[in-house]
Amino acid sequence: MTPQDTLKRLFETTISELFDVQTDVTFEQPKDRSHGDLACTVAFSLAKPLKQAPRSIAEALVAGLPGNEVIASADVAGGGFINITLAKAQIFDVVPTILNDFDTFKRPNTGNGAKILLEFVSVNPTGQMHIGHARGAASGDTLARILTQCQYDVLTEYYVNDAGNQMANLAKSLVARYHQALGIQADFPEDGYHGADIKALGEKIAQEAGDRYLNDPDILTIFREIGLTALLDGIKHDLGRADVQFDSFYHETTLYKDGHVEDVLARLKASGYTYTKDGALFLKTSEKGDEKDRVLIKSSGDYTYILPDIAYHEQKLKRGYPTLIDILGTDHHGYIARLKASLEILGYEASQLEVLLIQLVRVIRDGEEVKMSKRSGNTLALSDLLDDVGKDPIRYFFAARSLNTHMDLDLNLAEKQRNENPVYYVQYAHARISSLLNKASLLGVEPTAKITRETLNLDILTPLLNHLRHYPDVLSKAAKTREIHKVPNYLHELATLFHRWYGEEKLITEDRAASLERVHVLTAIQRVLANGLTLIGVDAPDVM
RNA sequence: GUUCCGGUAGCUCAGAGGAUAGAGCAACGGCCUUCUAAGCCGUCGGUCGGGGGUUCGAAUCCCUCCCGGAACGCCA
């Protein structure tokens, strides 16, 4: 039980006894240190129902609190704030908690095993990953790690669109490049992919296979397969370099092979929510909140993209994941309502699908926006960004901003500021602690099971220890609200508090008793830093 | 025109009912014969896009307007 839990119970019981009302008491961390370790505003919210001034309620409440071991002092301030100073033992308690059982400390049971299937990236395998994809990749992977640590049962999945038109265009583009590489005049398809990677792949095939495929009637099928494999491998390689992990790659083609698409189509028809108009089959999504009805089967007889997508999402639910999270770019926002409507028609709840929209990143180079498109071949490869800037700054950069933020990525600035990225500030704190622990070790000071606080200057350390104590709360909130940027922000603040402490006193000295106590605190800080950095996919170096 | 986002310090962004709105970068001034100066301390910097409203209290909630981004297809 944390001091906060104890306080909450204490307050709620006292309020119930004094005023005969039930209320949910929360505490906040005051910005100003002179306002104590925790602040409570419950007196304000009680003022109206009790028809009393908040100040007098607060005073009565403080006076009525029973004796306890948690509170050192509780004062009424301003119009009715209750500022609480915790007992020193309570503040320090976080250190032994972390050292004795960090595994429990870092894993708040927010999810309680709830199963979530998180889909992200899902870039069409028609080219290499570009910078625009990096945000989704970093955000999704970080969210998965946070959710998992908060005891959600998460499956991360990449949906491979390997059945649609784009793959046909990819095959045609490859054939054209192959022909050109063999010196044969070939027209490039209208919707083809002009990327240099596609060109290189066509040349590679020509080099390795010569003219073997030239008159093969199945050349499109073969090249489609070669292209898919090569490009997907490339994508997986880039993801690996960015430390983005997937549990599963789900291929659109399996939806057709296993009959899921036909099955869903049959059930949609049977639902009574379909009708034929102008030779096309429509689904009445407008009756479930969509702007208008959507076409499932074109008058040409081809399926639209949405049909396999409905089948895919239902498939995810059927695999035993009652909650689905999709991370999509905002350019897909119009797509949410129709998908939710479709799932409702199939008998599911719209709320089972949660879509996190990430704002598209605008890339600026030399003061101008760089427009990217795989068709035109004008892309900035993620692999180049990884080469130039490095994994850690990229991951931190994307993890540190709320998904809703419209971001500009200035390439000139990114390179110039390679060494000014906040990620190094946090990593430096970790490395500095390693160095201190090394020094202590050389002096023969090693962590022990007995954790004391005789010599520690708690005046200096209190903000740091308070902040440490809130780590599980931060994780829990980040998991619940899917606001991953709270973690990097927390880590930055923790690093600041540590660097400040480092500047204020010499930590490892000839005084072995004092050094040992500081070693314990340092170890606790370092564990949280290392764990937090892992969550955002950033390395925690011992030396910088 | 409709829908979804955003507008907070010169720049990049936190803060999302609480006390005097914060951090990084940039600018300026201090701090290394001492544990890593990728650090610390200080200064400068704001009509929280504008205007109404709700509230004891609004950057935060509601309404409205302005500006910017995205989407509105029998493309995916």
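Naming convention: chains lettered A, B, ... in sequence-line order (proteins, then strands); numbering from 1 in each chain.
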Worksheet, complete the sentence: For Lys391(A), the salt bridge (Lys or Arg N to Asp or Glu O under 4.0 Å) test, sequence neighbours excluded, returns Asp243(A), Asp539(A)
Worksheet item: Looking at RNA chain B, which of residues 435-445 of chain A put a heavy atom within less than 4.0 Å of it?
Response: Ser435(A), Leu436(A), Lys439(A)
Worksheet, complete the sentence: Sorted by number, residues from residues 290-311 of chain A placing a heavy atom under 4.0 Å from RNA chain B are Glu291(A), Lys292(A), Val295(A), Lys298(A), Ser299(A), Thr304(A), Tyr305(A)
Response to the item:
Tyr250(A) meets the ring-ring contact (aromatic ring centres under 6.0 Å, His included) criterion, sequence neighbours left out, with Tyr312(A)
Practice prompt. Please say whether the positively charged group of Arg338(A), taken as NZ for Lys or CZ for Arg, lies over the ring of Tyr335(A), i.e. under 6.0 angstrom from the six-membered ring centre and within 45 degrees of the axis.
Written response: no
For a quick test of your reading: what N or O donor-acceptor pairs under 3.5 Å do the side chains of residues 510-521 of chain A make, sequence neighbours left out?
unit_1	atom_1	unit_2	atom_2	d
Asp511(A)	OD1	Ala513(A)	N	3.3
Asp511(A)	OD1	Ala514(A)	N	3.2
Arg512(A)	NH1	Leu443(A)	O	2.8
Arg512(A)	NH2	Gly444(A)	O	3.4
Ser515(A)	OG	Thr509(A)	N	2.9
Ser515(A)	OG	Thr509(A)	O	3.0
Ser515(A)	OG	Asp511(A)	O	2.9
Glu517(A)	OE1	Glu454(A)	N	3.2
Glu517(A)	OE1	Thr455(A)	N	2.8
Glu517(A)	OE1	Thr455(A)	OG1	2.7
Glu517(A)	OE2	Thr452(A)	OG1	2.5
Glu517(A)	OE2	Arg453(A)	N	3.2
Glu517(A)	OE2	Glu454(A)	N	2.8
Arg518(A)	NH1	Lys506(A)	O	3.4
Arg518(A)	NH1	Leu507(A)	O	2.7
His520(A)	NE2	Thr448(A)	N	3.0
His520(A)	NE2	Thr448(A)	O	3.2

Worksheet item: Considering residues at least two apart in sequence or located in another chain, which fulfil the side chain to side chain contact (heavy atoms under 4.5 Å, CB included) criterion with Ala431(A)?
Response: Met544(A)
Worksheet entry | For Tyr425(A), all residues meeting ring-ring contact (aromatic ring centres under 6.0 Å, His included), sequence neighbours excluded | His492(A), His499(A)
Identify all side-chain donor-acceptor contacts of residues 43-51 of chain A below 3.5 Å with residues at least two apart in sequence or on another chain.
unit_1	atom_1	unit_2	atom_2	d
Ser45(A)	OG	Val42(A)	O	3.0

Practice prompt. Write down the distance between NE2 (His492(A)) and P (rG39(B)), rounded to a whole number of angstrom.
Written response: 9 Å
Item to complete: Counting Watson-Crick and G-U wobble pairs whose two distances are both under 3.5 Å, find the runs of 3 or more in a row that involve RNA chain B.
Response: B:1-7 with B:66-72, B:10-13 with B:22-25, B:27-31 with B:39-43, B:49-53 with B:61-65
Worksheet item: Who passes side chain to side chain contact (heavy atoms under 4.5 Å, CB included) against Asn165(A), sequence neighbours left out?
Response: none
Discussion item. Return a single string for nucleotides 15-22 of chain B, one symbol per nucleotide in 5' to 3' order, where B is base contact, S is sugar-phosphate-only contact and - is none, cutoff 4.0 angstrom on heavy atoms.
Written reply: S--BBB--
Practice prompt. Quick one: list whatever passes salt bridge (Lys or Arg N to Asp or Glu O under 4.0 Å) with Asp290(A), sequence neighbours left out.
Written response: Arg294(A)
